[in-house]
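These notes concern the structure reproduced below.
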Amino acid sequence: MAITDSGAPRESFRLSMLLYDTRYRSYTIQIFVLMLLMLGAAWLIDNTIRNLAALGKDFSFAFLWNIAGYDISQRPIEYDSTMTHGRAAVVGLLNTLILAIMACVLATVIGVIAGVLRLSNNWMVARLMTVYVEVFRNIPTLLWILVFGAIMTEAMPAPSAFRGDDPTASMVFFDSVAITNRGVYVPAPEFSRGLGHISVLGVQPSLNAFAFILIVIGSIWANKRLIAHATRVQNATGIRPKTWWKSILILVGPAALLLWALGFYLTYPELRGFNFQGGIHMRNSLIAMWLGLGIYTGAFIAENVRSGILAVSKGQTEAAFALGMQPGKTMRLVILPQAMRVVIPPLISQYLNITKNTSLGLAVGYMDLRSTLGGITINQTGRELEGMMLMMLIYLLISLTISGAMNVYNSRMKLKER
Amino acid sequence: MSELSVEPGIDRKIDTSHMKVTDEVAIQISQMNKWYGSFHVLRDIDMTVYRGERIVVCGPSGSGKSTLIRCINRLEEHQSGQIIVDGTELTSDLKNIDKVRSEVGMVFQHFNLFPHLTILENCTLAPIWVRKIPKKEADEIAMHFLEKVKIPEQALKYPGQLSGGQQQRVAIARSLCMKPRIMLFDEPTSALDPEMIKEVLDTMVQLAEEGMTMICVTHEMGFAQAVANRVVFMDQGQIVEQNEPREFFRNPRSDRTKLFLSQILGH
Amino acid sequence: MSDTHARTVAYVRDTMLPEQTPPVTERGAVKWMRENLFNGWLSTVLTILSLLVVAWLVAEMGPWLMRSIWNAGSLTECRRIWAEAGVPPGACWGVINDRLNQLLFGFYPPHLYWRPVLALVLLLVALAPILFPSVPRKLIWFSAIYPFVAYFLLWGGTIWLPVSAALGFVVGGAALILLRPLGTLPAVAAAILAPIIWWVVAAGAFTAAMNGILPIGHEFVRSDRFGGFLISLVIGVTGISLSLPLGILLALGRQSDMVLIKSVCVIFIEFIRGVPLITLLFTASLLLNYFLPPGTSFDLVLRVIIMVTLFAAAYMAEVIRGGLAALPRGQYEAADALGLDYWKAQRLIIMPQALKIAIPGIVNTFIGLFKDTTLVVFIGLLDPIGLSNAIRASSDWQGIYWELFIFIGAVFFIFCFGMSRYSMYLERRLRTDHR
């Protein structure tokens with residue numbers, strides 16, 4: 001007689017199992033939640049449709065092709081009031097990205113210097129940096145932006161103060177940069193034998209810029225090969241060839257040659273009439289946002305850098321010293337690699353914060369994405385729903401890209417543990 | 001005088017053929033004093049270490065024993081007195097400090113392996129960057145010493161993947177790759193689980209058998225009994241008593257020594 | 001056995017050496033300065049630079065502050081006073097003097113100022129048992145009813161409105177206790193549904209009925225009269241207290257094994273963290289009207305509070321997730337082994353430890369939230385920054401900026417710095433407990 005019993009007796013299914021049996025319980029809860037969510041979504045969408053109908057609006061993005069009718073003062077590409085809302089949004093987006101990159105660079109430089117100095121043995125410097133960090137961290141970003149905006153508009157001299165035989169104000173950096181209450185004028189790059197422009201989707205990127213970027217990328221790649229060669233020599237013979245002057249040549253040389261070949265020169269801002277002409281005009285709004293965001297976030301980065309360096313235990317330094325390694329090599333080979341792992345993730349979070357904080361530009365009149373698409377455009381067209389959704393989508397894409405990059409970095413750099 | 005029992009700890013026959021103390025002075029410490037701020041942590045230390053000696057330093061916590069050996073490779077600075085290692089006096093002159101550090105190896109209580117480098121890279125870092133040895137040769141030296149501490153198969157793993165005992169053995173191998181003439185051990189087994197202490201002590205005994213000059217701060221009295229030629233007892237920043245192990249454990253002369261020994265051996 | 005050498009002389013110390021003072025160059029102000037200020041040429045250069053910076057700051061700010069004027073009705077009046085005295089312009093604090101009430105309360109009716117002030121004092125009382133464990137525990141009951149007391153003080157109206165809102169919680173608690181024998185899931189479901197039913201269906205009728213029988217109440221103040229630091233505190237405190245429990249739930253949901261719950265939480269958190277707060281505030285002020293049934297609209301301040309809470313909860317969830325991740329797996333396993341169900345394990349073992357680890361992150365989120373309340377200026381609410389813009393545009397005070405910014409900045413600094421100091425105190429206290 002074959003034994004057909006397959007093991008433990010199986011209970012017959014009862015309805016109360018839906019709640020109490022661990023196998024079914026999670027399904028029950030999830031289905032319940034799913035039904036609630038779908039009901040909620042249906043309710044929201046129904047309301048939206050009814051409200052739009054009541055207001056006589058429809059849901060469309062056609063307004064992006066309508067004429068904008070407003071000017072944008074700080075613009076990196078060609079734009080005037082006869083162009084479309086869509087183009088205005090692109091200008092706004094470019095402004096956002098340019099400001100974000102500038103502020104990230106400034107914040108990183110200030111943050112790293114302040115963080116390292118805060119750890120220094122010099123009591124005076126460490127205290128000063130602590131004051132900087134605490135004062136900037138505990139006061140809202142918006143207030144700092146307004147402060148810098150007010151400094152630029154109220155405390156800087158007017159262009160007319162630069163004129164005359166005995167001016168009260170003068171240009172800095174060998175008469176090339178003018179800081180006035182209408183903005184900062186810096187020299188503009190020009191090319192006498194330039195390659196011209198190409199036309200892409202209504203924008204005219206300069207071929208000179210492309211060539212420059214290509215050369216820089218090439219230089220960086222060549223430098224990498226140089227360093228790899230030096231490491232190979234060191235592995236073989238133990239002596240590492242001195243590369244610092246070769247690196248400088250490789251990184252700077254080709255770019256300088258290109259600029260010379262293209263006939264690079266600077267046009268300087270000059271006082272003509274009531275205002276400065278020539279050069280690049282960086283308006284107060286940009287300067288205020290750049291300084292405000294950069295110096296404010298620099299305080300947070302300083303704290304990240306400090307805790308990153310402190311996170312590397314003292315024992316690591318001692319072990320390296322005990323092996324006879326000198327402080328410079330110890331820092332480069334032992335401390336910094338470990339500190340970087342702790343510093344980079346929060347650093348990227350701060351970059352994300354800077355990008356999002358550019359939306360405060362309206363406070364000083366900087367026309368970033370929010371001021372154009374999410375401000376004047378939706379005011380004029382009444383397309384609040386579409387405009388806000390588009391704007392949120394763009395910010396979301398930027399954020400997800402940056403945090404995606406951070407996740408990739410994190411997973412590659414993780415210390416291997418058991 | 002009742003005989004205080006000392007557990008052997010080392011259960012194999014020790015090969016004493018190379019364990020010879022010579023006449024050459026390895027370390028000379030004269031009238032050395034150190035303060036932490038206003039706290040007088042080391043007081044009037046006079047100590048001569050001859051090449052080939054195996055010295056165990058013991059004492060209650062806070063007695064300054066770790067500070068003493070950390071002064072020998074200038075991880076701590078002394079404020080008065082002299083320390084001369086292998087003929088080089090330790091001052092704030094960086095060249096002297098570097099010279100001393102390449103002759104003196106140190107093993108720490110918490111291993112201090114570099115977590116972002118493999119075991120092999122941990123061992124070859126200093127030979128490549130300090131002694132400027134080509135990579136292939138450095139790798140061979142490292143594998144030689146990893147085989148000596150009996151974990152060559154872990155060479156490509158990372159410290160986080162090893163047990164405590166294995167990490168400490170790697171730390172010993174890492175120091176040995178610089179071919180030091182003197183080895184300092186700062187409580188090398190205090191952070192280890194009991195079952196791993198033996199493997200590290202075995203490695204240290206092996207070093208002693210090969211004639212290495214070593215100074216160990218440790219509580220492992222079995223090790224002292226088996227391998228040391230001198231036991232130094234410190235309390236309150238000064239050397240209170242020193243003697244060869246058998247005499248030290250059987251006839252401690254100072255009251256403080258007796259108290260200390262009864263505390264750590266009595267149970 | 002070990003080799004003995006004739007040179008190892010046995011040695012015993014007969015007298016212990018006393019402690020001595022370090023040599024002169026090794027102590028005192030000279031040594032301190034040598035080590036801390038002039039240790040090497042780089043350090044010396046930095047010290048000199050720092051001294052120059054400090055000197056410049058003092059030279060610029062000092063005289064300006066010394067020439068302060070407190071009693072003036074306008075900037076022109078200040079300038080006149082300085083011109084008469086023949087000194088260059090200094091700090092005209094008259095703007096603070098003149099507009100202090102506005103900066104503090106906004107447009108709240110002056111004769112009712114006692115109400116927000118009382119609410120602030122009671123806030124400190126309600127916070128005391130939460131923040132400091134040495135305060136008697138009975139005071140927690142006051143903290144529980146404080147939100148309703150505060151609402152009644154700040155907005156006013158009939159007292160039966162906050163009472164009926166509070167009764168909703170009582171109903172929920174009763175449902176939880178009554179249905180407990182049926183098991184956790186039905187009890188929790190009832191505890192969530194019962195108050196909702198109460199609030200939607202019965203609360204309005206209850207309020208109206210009680211008001212008819214026993215009208216107790218006082219003057220109602222509309223939200224658009226709120227301004228200045230009053231509105232910053234209202235939004236900030238409410239956002240902070242609501243975002244912590246919500247953040248905990250989101251963090252637990254994100255860690256959950258149930259795919260749907262986890263995905264919903266992840267999408268929510270990533271969306272909120274990916275967009276600037278301003279866009280969410282805009283949503284609150286412009287778009288919420290689209291999503292609600294036609295004809296409903298409710299208080300802008302309430303909408304802003306909801307948005308700010310959701311925003312802070314998403315960041316809080318990430319911070320708490322970090323705390324949960326730092327907790328050893330063994331804790332979860334021990335709780336399971338003891339037979340604790342999910343919620344008990346969370347409440348008694350997991351959350352207390354995870355929150356302790358996450359304290360710095362949590363307080364940082366609070367500080368960020370409080371600073372972010374300044375963004376309501378973009379949707380027309382008159383927080384201190386909005387008010388400062390209005391003041392600077394008025395004819396009396398046109399052109400003034402430092403004094404206003406210094407005042408507002410100082411108040412924020414005191415709050416935020418205080419919060420971060422409290423967090424350090426809390427960490428220290430909890431660390432010694434953990435010994």
Side-chain angles (χ1 to χ4, degrees), chain B residues 14 16-23 25 33-50 52-56 77 79-80 208 211 224-248 251-257, chain C residues 1-47 321-334 337 353-354 357 428 431-432 434-435:
Chain B
I14 298 190
T16 57
S17 51
H18 294 288
M19 290 158 82
K20 278 190 179 17
V21 181
T22 66
D23 282 349
V25 172
N33 282 281
K34 178 173 170 58
W35 287 266
Y36 276 136
S38 57
F39 174 53
H40 199 176
V41 59
L42 288 173
R43 310 180 195 183
D44 281 351
I45 303 284
D46 283 298
M47 192 160 133
T48 310
V49 178
Y50 295 94
E53 284 206 78
R54 291 90 48 204
I55 300 184
V56 165
E77 289 175 14
Q79 275 85 35
S80 86
Q225 182 90 324
V227 155
N229 77 302
R230 186 182 359 164
V231 178
V232 172
F233 172 69
M234 284 182 69
D235 192 8
Q236 284 186 6
Q238 45 208 302
I239 298 179
V240 174
E241 182 168 344
Q242 66 181 3
N243 211 332
E244 52 137 0
R246 217 164 3 152
E247 273 302 300
F248 181 83
N251 294 325
R253 301 224 277 272
S254 158
D255 285 337
R256 289 168 182 271
T257 320
Chain C
M1 283 282 116
S2 55
D3 205 10
T4 321
H5 194 276
R7 291 191 187 233
T8 308
V9 179
Y11 166 80
V12 157
R13 180 181 290 278
D14 43 14
T15 49
M16 298 294 285
L17 291 169
E19 187 165 346
Q20 288 171 338
T21 54
V24 178
T25 51
E26 297 296 326
R27 63 185 150 104
V30 176
K31 161 164 167 131
W32 183 88
M33 288 224 299
R34 202 160 55 83
E35 276 197 357
N36 289 320
L37 291 181
F38 298 108
N39 195 11
W41 65 269
L42 179 63
S43 189
T44 313
V45 166
L46 286 174
T47 306
R321 190 167 79 107
L324 287 171
L327 211 51
R329 257 217 87 61
Q331 297 292 315
Y332 294 90
E333 294 170 351
Q353 296 188 63
I357 297 175
R428 261 203 313 275
R431 206 182 308 149
T432 55
H434 225 174
R435 275 247 173 225

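Order of the sequence lines fixes the chain letters, A, B, ..., with proteins taken first and strands second; residue numbering starts at 1 for each chain. Keep in mind that this is a model prediction, so the values were computed, not measured.
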*asked:* Is any side-chain heavy atom of B:Gln238 closer than 4.5 Å to one of C:Met16?
replied: yes
*asked:* What I'd like to find out is whether the side chain of B:Arg256 reaches to under 4.5 Å of the side chain of C:Arg13, using heavy atoms alone.
replied: no
*asked:* Quick check for you: to the nearest 0.5 Å, what is the distance between B:Ile45 atom CD1 and C:Leu17 atom CG?
replied: 9.0 Å
_Listed partners of B:Phe248 passing ring pair (Phe, Tyr, Trp, His ring centres under 6.0 Å), at least two apart_ = none
*Relative to chain C, which segment of B:Phe39 carries a heavy atom at a distance below 4.5 Å: side chain, backbone, both, or neither?*
both
*Select, from B:Glu241, B:Lys34, B:Gln242, the one with the greatest count of heavy-atom pairs under 4.5 Å involving chain C.*
B:Gln242
